[in-house]
Amino acid sequence: MNNFTYTQADGVDNAVQEIAGHSEARFIAGGTNLIDLMKEHVMQPEHLIDINSIHLNSIEFLEDGRLHLGALVTNADTAWHPAVEKHYPLLSDAILAGASPQLRNMATNGGNLMQRTRCYYFYDTTTPCNKREPGAGCSAMNGYNRIHAILGTSPHCIAVHPSDMCVALRALDATIQVKGLHGERLIPIADFHRLPGDTPQLDNNLAHDELITGIILPREHFTQHYKYLKVRDRASYAFALVSVAVVATMEEGIITNIRMAMGGVAHKPWRDENAEQWLKGKPATQENFAYAADMILQDAKTFGTNDFKPALAKRAIVRACREATNIG
Amino acid sequence: MNNNTNYIGKPVNRVDGYAKVTGGAKYAADHHARGLCYGVVVSAGIAKGKILHIDTTEAMQLEGVFKIFTHENVSGLAWFNHSYKDMDAPPGKHFRYLQTDTITYSQQPVALVVAETFELARYAASLVKVTYKADAHVTNLTGNLDQARPPKGKKSGFKKPSSRGHFDKAFTAAPVTLDATYFHGAEHHNPMEMHATTVLYYKNGSITVYDKTQGILNTQSYVKSVFGLSGRKVKALSPFVGGAFGSGLRPQYQLFMAVLASLELKRSVKVMLTRQQMFSLGFRPITQQSLSIGSMEDGSLQAIKHEAVSGTSQFEDYVENIVNWSGMLYHCKNVKQSYQLVSLDTYTPLDMRAPGAVTGMFGLECAMDELAYKLNIDPLELRYINYSVEDGSMKKPYSSKALRDCYQQAAERFGWSQRNPEPRSMKNGHLLTGWGMATGMWDAMTVPARAKATFTADGRLTVGSATADIGTGTYTIMTQIAAETLGLPMDNVTFQLGDASLPYAYLEGGSATAASVGTAVQKACMQVRERLLDLAKDIPDSPFKGLSVAQVSFADGMMFMTETPANFIHLKDIMTLTDTGEINVTSTPLPNVFKQMKYAKNTHAAVFVEVQVDEELGAVKVTRVVSAVAAGRILNPKTARSQIMGGIVWGISGALHEESVLDHQFGRFINHNYAEYHIPVNLDINDIDVIFVEEQDDVVNPMGIKGVGEIGQVGVAAAIANAIYHATGKRIRELPITLDKLL
């Protein structure tokens, strides 16, 4: 770990001004990912701005009925919040599928959006990694890529975003509220995280001087038909090999609306609106879900030790859709 | 007499439990001293090559960095190879840290940064720039099987594979045959406590070393011989160890580093390895093994061939007993065995819980299951058909072998008789249930051990031996044995270990400690008994005059005449009335070698497992394990059960989760952290039922102790693989059985 300076911000504006003035500064909230990355010399910020004293720790309904999740509410408090449990059970399930109780007690909603890939090579500074050091090369491409991406990859990076919560947010069409020097902006979750392209060092579209202040969940609740399915190498405390978040509305066995987001397969939570569109108006059947899964996975590309992922992903999509639509 | 001091066989609580849960137990890195400084190790980023240059300029400029040790400035250490040999060293050229510019394995330590604080040392370590000239490395075992060769030299505990009869002929003639190849990758020990050493430096040049080790004498002798110090100068202590599983059998490099820095800087120094660096230590070797079995239609085995190839390092030949079990467990006249090594550019493998048996019995017991299906015979029945009362490799009867009872009791508890042998016969939606079983086997070893005992006039007994307690319960069972032998309350007895000044004990490993140190402790206490009786005879009008020690008993703090218990005397009174301050004895038990030579001495287990497999997603859940263990006399069913449960959990881990993945691009274990090196979490572990089938055995030692440290794990992985076959119809021969293998 490098030496760094440290300040505590007492408000959003103060935090934003502070970070704008220091190109090598980072915000720190729960620290569950950043501290690890600093210990392993993957990230070496010169300055840490502690934002834990900023009051972004409430969950409240907005006047229009949407739910606002403060950026500093812990993952645990979010998952167990009555409004989240009642109206967005998918989000509760997804959060509780991630990490461990200890981590969820520390980790914040904003931090969850910002967590970085668990790629083995990203973490091991003796190996080349384009995300850590642009231009160095990707070691995962020809290496051990069991946990790596099959969709939206680039020749520069095949890392995946490790979050469970963000997969649910993608299915729920959440909006990320951020504030920068030039005021507030709202970023749809679809546009928050990036694909690696030729800038794998960038995980998301947040500007350096911007702070996440909250997450807004739309009024559509999906309390009847939802499923978060996480497939992993042990029963708990492992990142997803593949995860699927499904929400749907149904009328007499016919799908009237469906959204399917996937984790563990791409550099960002993955959605394929074409497949969703195709399912609308069709009966909820194994065959239809399998067809939609094939649509989602038609461009899947594998790299050796993750060759099993398309088959697993297809089964996971079908299973999650079946369970969400109660066809068993 | 009430006899409230019988403790052997009772489920008493750990005597060190309170200290452990309240933080009173100090581990190697918990010790501190004024002026203590911290060392952080820099590890190599390549697997093979040369160090061209180590640039320490930037790191040395930081205030508070005292010294950076590298091969360029370390000298004056022992010259001969044997000086670097330790009690568990395999044959070869033992590694000398920081004494060469040659890189022989990835993560090889290349520098030690010593600074005033840990944080500073860690930061400075990140500023050390090492440039290498990398050479092509070889880390892939399966791609280099053509390089396999017989192992060189000897290692303690290693038995050369032995063939008998005429395998080729018998196998060709056998009506039913099976050939199968099994594989597993490397596993690192990863105890909760990472390896650490604190060295306290004194003005007179002497040091006290707190080390994480399974043999404090191993630590002390290594330090003495490598640094040329006399025994008087090196005090070595290791009272508490937070798990080791074999990783503490050899002196690990943090010991070398801490002593090096302490002697050079004349300061107290602490060196802790990181979790990532735990993957730079020894590991369970990568092994491919093949079995060929021929049998008659009735299931009787005619021929077994068991061949294994394991990886080792380029400088030492680590060996373990992998194939030997195939010549011991079953009755079979024709056995062929071979065991070979391939030198890889990795560090040397190291004994890990039930070394060799975990691997070899996985192969053998999966193969037996495969054969059972070929024969259409129940897998348990096939074991009964080939049950052996003698070790066929030595042609000796077992000193005791209650394996048949283990099979019966575990099968009964599990409900095995209800099993439909048809694979995929228990299906519920996408969930398939399967039942599998396997046998476990390990050695009942005795190693040299001595103990001393001091009984004082206040009625307190202190017993000590330079053994270790790595969480296994040594403190507790030794206290039980000592207290019962002298008839004292356990509260009056203190057992000491992990101190090189105590009487000799061999490494704590191989399940030998309970039997070996336990016998020494009992003997020391028997010697105290004799001394007490002798003293009692000196008391005027003593009723004990003329009695031999066989005619008296000890319980409840008193000595009795066995025939007439109304004649008794308090032990404290013996001391007071004879004006005796203390009694000191040291025991050196000598096993009855002539008696023991006639027998094979082993522990056995029968493991039955239920798995549930999600057929769509491949996920496996071990829903039920029943293990019946025959391991002689059980000293403490509570600590023994914990040992067996721990073994079973590791068996589940090895079967389903655990693997140190080698990236052959870099010759490096790449999942080197707890997030990606998977071991089971609570949610992965369900019902575990342990049955002890006690054996009376006066051959192994007077108390009939065999040891329980390893046996719990042996056979578990095979039972799980066999249950997965029963559930799914898929035979997976490569561990761990991750879900992709079942899709």
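Naming: A, B, ... by sequence-line order, numbering from 1 per chain.
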Does atom CZ (A/Arg26) have a neighbourhood of more than 12 heavy atoms from anything else shown, all under 6.0 Å? no
Taking the side chain as everything from C-beta on, heavy atoms only, tell me whether B/Arg275 gets closer than 4.5 Å to A/Lys39. no
Using a 4.5 Å cut-off on heavy atoms from C-beta on, say whether the side chain of A/Tyr121 contacts that of B/Gln665. yes
Begin from the C-alpha positions of A/Thr127 and B/Asp663 and carry the test side-chain contact (heavy atoms from CB on, under 4.5 Å) through to its verdict. CA-CA 11 Å; A/Thr127 63; B/Asp663 178 312; over 6 Å; no
Taking the side chain as every heavy atom from C-beta outward, state whether A/Phe308 and B/Lys741 have any atom pair closer than 4.5 Å. no
Need one label for B/Ile679: side chain, backbone, both or neither, based on atoms under 4.5 Å from any heavy atom in chain A. both
So A/Arg315 and B/His430, do their side chains get closer than 4.5 Å, heavy atoms only? no
By the definition side-chain contact (heavy atoms from CB on, under 4.5 Å), identify the one residue from B/Thr738, B/Leu656, B/Asp684, B/Leu683 that meets it with A/Arg234. B/Asp684
Are the side chains of B/Ile670 and A/Asp124 in contact, using a 4.5 Å heavy-atom criterion? yes
With a 4.5 angstrom heavy-atom cut-off, which part of A/Thr305 approaches chain B: side chain, backbone, both or neither? neither
Which atoms of B/His672 come close to chain A, meaning under 4.5 Å heavy atom to heavy atom: side chain ones, backbone ones, both, or neither? side chain
I'd like to know which of B/Val661, B/Asn671, B/Val620, B/Leu662 tops the heavy-atom pair count under 4.5 Å against chain A. B/Val661
Atom CD of A/Gln44 and atom OH of B/Tyr123: how far apart are they, to the nearest 0.5 Å? 7.5 Å
Can you say whether B/His657 sits under 4.5 Å from chain A via the side chain, the backbone, both, or neither, judging by heavy atoms? side chain
Applying a strict 4.5 Å limit to non-hydrogen atoms, the region of A/Asp36 in contact with chain B is neither
Name the region of B/Ala619, side chain, backbone, both or neither, that has any atom closer than 4.5 Å to a heavy atom of chain A. neither
Between atom CG of A/Asp233 and atom CD of B/Glu658, what is the distance when rounded to the nearest 0.5 Å? 12.5 Å
Would you say the side chain of B/Glu676 lies within less than 4.5 Å of the side chain of A/Ile147, judging by non-hydrogen atoms? yes
Pick whichever of B/Leu127, B/Leu120, B/Asp740, B/Ile46 has the most heavy-atom pairs under 4.5 Å with chain A. B/Asp740
In Å, rounded to the nearest 0.5 Å, how long is the span from CG of A/Asn2 to CZ of B/Arg122? 9.5 Å
At a heavy-atom separation under 4.5 Å, does B/Glu615 approach chain A through its side chain, its backbone, both, or neither? backbone
Max heavy-atom pairs within cutoff under 4.5 Å with chain B, candidates A/Asn3, A/Val318, A/Thr125, goes to A/Asn3
Check this for me, if you would: do B/Glu659 and A/Arg146 make a salt bridge, where the nitrogen-to-carboxylate-oxygen distance has to be below 4.0 angstrom? no
Hey, is CZ on B/Phe183 packed in by over 12 heavy atoms from elsewhere, all under 6.0 Å? yes
Counting heavy-atom pairs under 4.5 Å to chain A, which of B/Asn673, B/Thr274, B/Asp614 comes out on top? B/Asp614
Flag if over 12 foreign heavy atoms under 6.0 Å of NZ, B/Lys129: yes
For B/Tyr674, which atoms come within 4.5 Å of any heavy atom of chain A: side chain, backbone, both, or neither? backbone
If every non-hydrogen atom of B/Leu617 is compared with every non-hydrogen atom of A/Leu312, which pair is closest and at what distance? O-CD1, 3.8 Å
